[in-house]
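What follows is a set of notes on a single structure, which appears directly below.
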Amino acid sequence: MIRKPARELWKARKRRSPVALITGGASGIGLACVRRFLKDGWRVAVADLRPTPDLKAAGDVAFFKADVRSLPRANAVVRAVVKRWGRLDALILCAGISRAGLLEKAKIEDWQAVLDVDLTGVFAYLRAAATVFETQKSGKVVAVSSTLALRARHGLTAYIAAKAGVIGLVRAAARDLGRFGVNVNAVCPGLVNTPLTDPMPAAIKDRLRDETALGRIAEPEDVAGVIRFLCSGDARHVTGEAIRVDGGQLA
Ligand code: NAP
C-alpha cells in the first residue's frame, strides 16, 4: 500500500472540514465563536469592521472587512467564502452595537444606527446566504439576540426593538429555509463580559449578576458553546427557536 505523506492527508482532511462565516467575529462573543469553531476543526471566515490583535492571534481565519449594513458587501463576502472553500455550513451573526437613551429623549439617528446594524445586518447576511443554502440543501444559522428582547428594561428602546426583531426574523427565516433542510435559531444572552459591556458601571453589573440563578456573569465562551451546539447534528430538529443563555436570569 502506498501511504500518502502526512501533509497530503492533513490537506485532504482540511478540505472536508465544515465552514463557518461569523459576523462580528473580531471581538467578544463572535471572537469566542471563532476560537471554538477553529478548535473543533472548522474553517472559519470573519466579516467585521477591522481585524483585532486577538482575532489575528486566534489562528488561521479568512478575514473580510465588511460593514454588515451593506447587502452588496454581504453578497460579495458569501460569494468569496464559497469560492474559496466550496461551501458554507454555518452562518453566525454576532455583529451588533448598542445605544442607551430614554424614549422621550431618543434621537432618530441613534434608532436608525442600531436598527441598521443589529437587525438589517442580520437580514443582509441571511439574504446573502439563503441562495447558497438553497443550492446546498443544508445550512445552520444562529443570530445573537438578547434577553432584553424577552424582558425589556429602561432606556434601551432601539436595542430592544432590534433584538426582538431578530427573533421574529429568525422565525420567518426558519419557515422559509426549513424546506431546504436549514436550521435557523437565535440565542438570547443576558449580561456577557465583552468589550461591549466594559463601560457599564460595576453597580449595574453586580445587580444583573445577582438576578441570575447561577450568581455569575457569562463569559463569551458560555454563549459560543450554545451556538456551537446549535450548529451541530445534535440540534438538527431545533429551528425557529430563541434559547436563553442567561444563567437563569429570566427563570
Ligand atoms: P463586541 O465585543 O463589541 O463585538 C461586536 C463586534 O461587532 C465588534 O467586533 C464590532 O466591531 C462589530 N461590529 C459593530 N458594528 C459593525 C458593523 N456595522 N459591521 C460589522 N461589524 C460590526 O460585542 P459583544 O458583546 O460580543 O456582542 C456580540 C453580539 O451579542 C451583539 O449582537 C450584541 O448585541 C449581543 N449581545 C451582547 C451581550 C453582552 O452582554 N455583551 C448580551 C446580549 C446580546 P467594533 O468593535 O470595531 O465596533
Do the side chains of [X] and [Y] join up, straight or via other hydrophobic residues, at under 4.5 Å, putting them in one cluster?
| X | Y | answer |
| --- | --- | --- |
| Val34 | Leu196 | no |
| Leu93 | Val82 | yes |
| Leu38 | Phe63 | yes |

Between the main-chain N or O of [Y] and the side-chain N or O of [X], is there a donor-acceptor pair closer than 3.5 Å?
| X | Y | result |
| --- | --- | --- |
| Lys107 | Gly101 | no |
| Gln136 | Leu88 | yes |
| Ser70 | Asp67 | no |
| Arg73 | Val68 | no |
| Asn193 | Glu219 | no |

Taking all heavy atoms of [X] and all of [Y], pick out the closest pair and write down the distance.
| X | Y | answer |
| --- | --- | --- |
| Arg244 | Ala251 | NH1-N, 3.7 Å |
| Thr212 | Gly215 | OG1-N, 2.8 Å |
| Leu250 | Leu150 | CD1-CB, 3.8 Å |
| Lys140 | Arg236 | NZ-CA, 4.0 Å |
| Ser145 | Ala186 | CB-CB, 4.4 Å |
| Phe133 | Phe180 | O-CB, 4.2 Å |

Close side-chain approach of [X] and [Y], heavy atoms under 4.5 Å:
| X | Y | result |
| --- | --- | --- |
| Cys94 | Ile92 | yes |
| Phe37 | Cys231 | yes |
| Val81 | Phe64 | yes |
| Ile29 | Leu31 | no |
| Arg179 | Lys137 | no |
| Ser146 | Cys188 | no |
| Leu21 | Val77 | yes |
| Gln249 | Thr147 | yes |

Hey, mind stepping through Val78 and Val132 against side-chain contact (heavy atoms from CB on, under 4.5 Å) and telling me if it holds? CA-CA 8 Å; Val78 168; Val132 176; 3.7 Å; yes

Leu230 and its side chain to side chain contact (heavy atoms under 4.5 Å, CB included) partner, picked from Val238, Val141, Asn183: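 The side chain to side chain contact (heavy atoms under 4.5 Å, CB included) with Leu230 is passed solely by Val238 among Val238, Val141, Asn183.
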
Decide yes or no on side-chain contact (heavy atoms from CB on, under 4.5 Å) for Val19 and Trp42, but give the supporting numbers first. CA-CA 6 Å; Val19 173; Trp42 287 54; 5.8 Å; no

Please list, chain by chain and in numerical order, all residues satisfying salt bridge (charged side-chain N to carboxylate O under 4.0 Å, His left out) with [X], sequence neighbours excluded.
| X | value |
| --- | --- |
| Arg127 | none |
| Arg228 | Asp40 |
| Arg35 | none |
| Arg207 | none |

Between side-chain atoms of residues 116-125 and protein atoms elsewhere (two or more places apart, or another chain), which donor-acceptor pairs fall under 3.5 Å?
residue	atom	partner	partner atom	Å
Asp116	OD1	Gln112	NE2	3.1
Asp118	OD1	Ile97	N	2.8

Take Val142 and Val187 through the test side-chain contact (heavy atoms from CB on, under 4.5 Å) and record every step on the way to the result. CA-CA 7 Å; Val142 184; Val187 290; 4.1 Å; yes

Residues that [X] engages under side chain to side chain donor-acceptor pair (under 3.5 Å), provided they are two or more places apart:
| X | value |
| --- | --- |
| Asn185 | none |
| Glu241 | none |
| Arg84 | none |

Return yes when atom CZ of Arg69 has more than 12 non-hydrogen atoms of other residues, nucleotides or ligands closer than 6.0 Å, and no otherwise.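 No, not enclosed.
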
Can you give each donor-acceptor pair under 3.5 Å made by side-chain atoms of residues 45-59, sequence neighbours left out, with the distance rounded to 0.1 Å?
residue	atom	partner	partner atom	Å
Asp48	OD2	Gly25	N	3.3
Asp48	OD2	Ala26	N	3.0
Thr52	OG1	Ala26	O	2.6
Thr52	OG1	Leu55	N	3.2

In Å and rounded to the nearest 0.5 Å, what is the CD1 to CD1 distance from Ile227 to Ile243?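 Answer rounded to 0.5 Å: 10.5 Å.
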
Suppose clustering is done on Ile, Leu, Val, Met, Phe, Trp and Tyr with side-chain heavy atoms closer than 4.5 Å. Which residues sit in the same group as Met200?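 Joined to Met200, directly or through intermediates: Leu191, Ile204, Leu208, Ile217.
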
With a 3.5 Å cut-off and sequence neighbours excluded, list the donor-acceptor pairs that the side chains of residues 151-177 form with protein atoms.
residue	atom	partner	partner atom	Å
Arg153	NH2	Glu211	OE1	2.5
Arg153	NH2	Glu211	OE2	3.3
Lys163	NZ	Val144	O	2.9

Return the set of residues passing side chain to side chain contact (heavy atoms under 4.5 Å, CB included) with Asp210 (not counting sequence neighbours), or none when no residue passes.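 Result, side chain to side chain contact (heavy atoms under 4.5 Å, CB included) vs Asp210: none returned.
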
